[in-house]
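We're numbering straight along the sequence, starting at 1. Just so you know, these numbers come straight off a predicted model, no measurement behind them.
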Amino acid sequence: MSILSKLWETLSFALQPEFWRMIVFWIWALLLSYFKALLLPSSRRYTRSSPPQLPHTASSSSPPPHFRPLCIITGATSGLGAAAAHALSKEGFFVVLVGRSSQLLEETMREIKARNNTAQLKAFQVDLSSFISILKFKSSLEQWLLNSEMHSSVQLLVNDAGILATSHRLTVEGYDEVMATNYIGAFCLTKLLLPLLKNSPIPSRIVNVTSFTHRSVSSVQINKDVVAGKWLSGLKQYPFARLYEFSKLFVLLFSYELHQQLASNDESCQISVLAADPGFVKTNLLREFPSFITQVAFFVLNLVGLLQSPENGISSILDAALAPPEISGVYFFGGKGRTIKSSKLSYNDRLRHELWTTSSDLFLQFQLATTETFT
């Protein structure tokens with residue numbers, strides 16, 4: 001691409017109203033989140049604990065690999081997912097890395113092994129925007145657990161996979177790729193893995209990675225077209241920032257609703273559900289933006305101290321993953337064990353119920369369509 005072409009691409013992108021809306025609203029949302037974190041009373045902080053170990057009879061204090069707690073991390077090929085995989089492997093988890101690219105998965109595993117030669121790792125190539133791919137992963141995971149003599153359970157699920165697309169792309173099921181990857185995929189994967197989480201002999205946990213950008217949503221209607229992103233077809237310009245904000249708000253609504261259902265429907269259930277917000281982290285999330293805009297954004301955010309490396313950005317994810325087992329239904333932000341309140345809209349009971357019902361209907365449609373396909 002010539003210099004003039006790059007210049008025109010950058011200028012065209014920068015002139016979009018959606019781009020300037022993103023700058024204003026996202027900076028406001030980020031600063032508000034840090035303001036809330038700085039005012040946090042000490043009683044709202046939680047200290048990390050060591051992950052509980054699966055029961056075993058071996059005399060050694062260090063359990064063999066098939067007795068380590070099992071952690072599944074989506075979006076594990078780069079950025080926060082890769083950094084979290086390395087950190088949690090050091091904490092003693094057997095880490096299952098989930099990502100789209102088999103090559104990147106192999107590279108990530110080699111890098112983790114080079115830094116931690118005791119790491120126990122397994123990789124699965126999965127497209128979180130495709131229900132069929134998620135369903136195949138669930139079957140492959142169960143078969144692997146059976147063949148490797150590991151306990152048929154999962155102790156930690158970290159839903160980290162996410163994208164920020166600048167153009168409207170459809171998945172194989174016909175849904176917007178951002179909504180499918182960031183929210184629908186996380187919902188479907190969690191629903192499919194709930195039996196393995198419930199089967200754990202020790203407390204298990206779901207950590208859903210969200211974003212401060214959810215605060216930019218002032219109102220939203222919940223229906224299948226909104227959740228699936230089908231309302232976009234009549235728009236002249238793709239509202240990439242709003243789609244990302246919606247997806248991260250939905251992750252929060254889903255987290256709080258699942259927490260409530262697990263707590264109220266089954267008193268013996270030992271599954272906790274937490275949300276983690278890393279803040280602004282230098283990852284490849286903005287890879288579809290013009291490179292000049294991305295570089296300027298990183299420079300400015302780094303200059304004012306708001307840009308984090310993935311190694312520092314995973315602090316809130318680790319806080320959530322290693323919080324005491326009785327902690328559930330809270331929102332971690334800013335590291336140091338801090339939890340804050342998310343937006344008022346994220347606690348709306350009506351929206352939580354509507355989103356759960358709508359997402360469950362989509363999940364059932366996926367199951368029926370997949371059954372018909374295989375039949």
Would you please test I72 and V98 for side chain to side chain contact (heavy atoms under 4.5 Å, CB included) and show each step?
CA-CA 7 Å; I72 298 174; V98 172; 3.9 Å; yes
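- Among residues two or more places apart in sequence or in another chain, the salt bridge (Lys or Arg N to Asp or Glu O under 4.0 Å) test is passed with R21 by E245.
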Could you go step by step and tell me if S140 and E142 meet the side-chain hydrogen bond (donor to acceptor under 3.5 Å, both in side chains) rule?
CA-CA 6 Å; S140 299; E142 290 177 329; over 6 Å; no
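- With sequence neighbours excluded, the residues forming a side-chain contact (heavy atoms from CB on, under 4.5 Å) with N348 are R350, L351, listed by chain and number.
- Looking at N159 and T190, their side chains do bring a donor and an acceptor atom within 3.5 Å of each other.
- Of the N and O atoms on the side chains of N147 and Q143, at least one donor lies less than 3.5 Å from an acceptor on the other residue.
- Every residue two or more places apart in sequence or in another chain that forms a ring-ring contact (aromatic ring centres under 6.0 Å, His included) with F240 is listed here: F13, F289.
- Here the straight-line distance linking atom SG of C188 with atom NZ of K138 works out to 12.5 Å at 0.5 Å rounding.
- Residues D176 and R169 have side chains not in contact (no heavy-atom distance under 4.5 Å, counting atoms from C-beta outward).
- Minimum interatomic distance between A123 and M109 (heavy atoms only, all atoms of both residues): CB-SD, 3.3 Å.
- When the side-chain contact (heavy atoms from CB on, under 4.5 Å) test is applied to W231, the partners found at least two apart in sequence or on another chain are V226, L235, P239, L243, F246.
- Side-chain atoms of S101 and Q125, non-hydrogen and from C-beta on, never get closer than 4.5 Å to each other.
- For E91, there are no salt bridge (Lys or Arg N to Asp or Glu O under 4.0 Å) partners, not counting sequence neighbours.
- A donor-acceptor contact closer than 3.5 angstrom links the side chains of S255 and N208.
- Note: S272 OG to L274 CG = 5.0 Å, rounded to the nearest 0.5 Å.
- Side-chain contact of S133 with D127: a donor-acceptor pair under 3.5 Å is absent, judged by distance alone.
- Side chain to side chain, R68 and S89 fail the donor-acceptor criterion of an N or O pair below 3.5 Å.
- In this view, R48 and D319 satisfy the salt bridge (Lys or Arg N to Asp or Glu O under 4.0 Å) rule, not counting sequence neighbours.
- Taking the six-membered ring where the residue is Trp, F280 and F212 present tilted rings, their angle falling between 30° and 60°.
- No side-chain donor from either of R45 and T339 sits under 3.5 Å from a side-chain acceptor of the other.
- Listed by first and then second residue, the salt bridge (charged side-chain N to carboxylate O under 4.0 Å, His left out) pairs involving residues 222-241 amount to none (not counting sequence neighbours).
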Test log, rule salt bridge (Lys or Arg N to Asp or Glu O under 4.0 Å), inputs E177 and R100
CA-CA 13 Å; E177 190 177 22; R100 288 188 181 188; 3.3 Å; yes
Please test F363 against W356 for ring pair (Phe, Tyr, Trp, His ring centres under 6.0 Å), starting from the C-alpha separation and ending with a verdict.
CA-CA 10 Å; F363 180 78; W356 181 271; 9.6 Å; no
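- With contacts defined as side-chain heavy-atom distances shorter than 4.5 Å, the pair R44/R338 does not qualify.
- Aromatic ring centres of Y34 and W28: separated by at least 6.0 Å.
- The ring pair (Phe, Tyr, Trp, His ring centres under 6.0 Å) contacts involving residues 162-181 comprise H168-Y238, Y175-F366, where partners must be two or more places apart or lie in separate chains.
- Remark: S342 OG to L252 CG distance equals 5.0 Å, nearest 0.5 Å.
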Carefully, step by step, assess R205 and I271 under the rule side chain to side chain contact (heavy atoms under 4.5 Å, CB included).
CA-CA 5 Å; R205 169 160 292 163; I271 304 177; over 6 Å; no
Applying side chain to side chain contact (heavy atoms under 4.5 Å, CB included) to V251 and N182, what does each step give before you reach the verdict?
CA-CA 8 Å; V251 167; N182 296 6; 5.6 Å; no
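- Under the 3.5 Å distance criterion, the side-chain polar atoms of E288 are matched with a main-chain donor or acceptor of T166.
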Show the atom names and distances, to 0.1 Å, of all donor-acceptor pairs under 3.5 Å that link a side chain in residues 292-307 to residues at least two apart or in another chain.
{"from": "T294", "atom 1": "OG1", "to": "L286", "atom 2": "O", "distance (Å)": "3.4"}
{"from": "T294", "atom 1": "OG1", "to": "P290", "atom 2": "O", "distance (Å)": "3.4"}

Could you give me the CA-CA distance, side-chain angles and deciding distance for I27 and V24, then say whether side chain to side chain contact (heavy atoms under 4.5 Å, CB included) is met?
CA-CA 6 Å; I27 290 177; V24 173; over 6 Å; no
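- Here the side chains of E18 and Q237 are not in contact, with every heavy-atom distance at 4.5 Å or above.
- Checked against T181 for a side chain to side chain contact (heavy atoms under 4.5 Å, CB included), the options T74, I163, L164, T171 give a single hit: I163.
- Inter-residue side-chain proximity for L362 and L364 is flagged as unmet; no heavy-atom pair is nearer than 4.5 Å.
- Under the 4.5 Å side-chain criterion, counting only non-hydrogen atoms from C-beta, E257 is in contact with H353.
- Hydrophobic clustering keeps V281 apart from L31 (ILVMFWY residues linked when any side-chain heavy atoms are closer than 4.5 Å, directly or through intermediates).
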Check step by step if side-chain hydrogen bond (donor to acceptor under 3.5 Å, both in side chains) holds for S200 and Q155.
CA-CA 6 Å; S200 175; Q155 282 64 55; 2.8 Å; yes
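- Of the N and O atoms on the side chains of S346 and Y331, not one donor lies less than 3.5 Å from an acceptor on the other residue.
- Once rounded to the nearest 0.5 Å, the distance linking OG1 of T77 with CG of L97 reads 9.0 Å.
- From I206, atom CD1 reaches atom CG of L193 across 8.5 Å, with rounding to the nearest 0.5 Å.
- A distance-only check finds no donor-acceptor pair linking the side chain of R115 to the backbone of I112 [under 3.5 Å].
- The shortest heavy-atom contact between A321 and L156 is CB-CD2, 3.8 Å.
- The salt bridge (Lys or Arg N to Asp or Glu O under 4.0 Å) test applied to E106 returns no partner, not counting sequence neighbours.
- Nearest heavy-atom pair, T108 versus A82, reported as atom, atom and distance to 0.1 Å: CG2-CB, 3.8 Å.
- Remark: F254 engages F187 in a ring-ring contact (aromatic ring centres under 6.0 Å, His included) (not counting sequence neighbours).
- For S12, the side-chain contact (heavy atoms from CB on, under 4.5 Å) criterion is met by W8, not counting sequence neighbours.
- By the 4.5 Å heavy-atom criterion applied to side chains, T357 and D361 are counted as neighbours.
- At least one side-chain heavy atom of L249 sits under 4.5 Å from a side-chain heavy atom of S343.
- Taken to the nearest 0.5 Å, the CZ atom of F124 stands 5.0 Å off from the NZ atom of K122.
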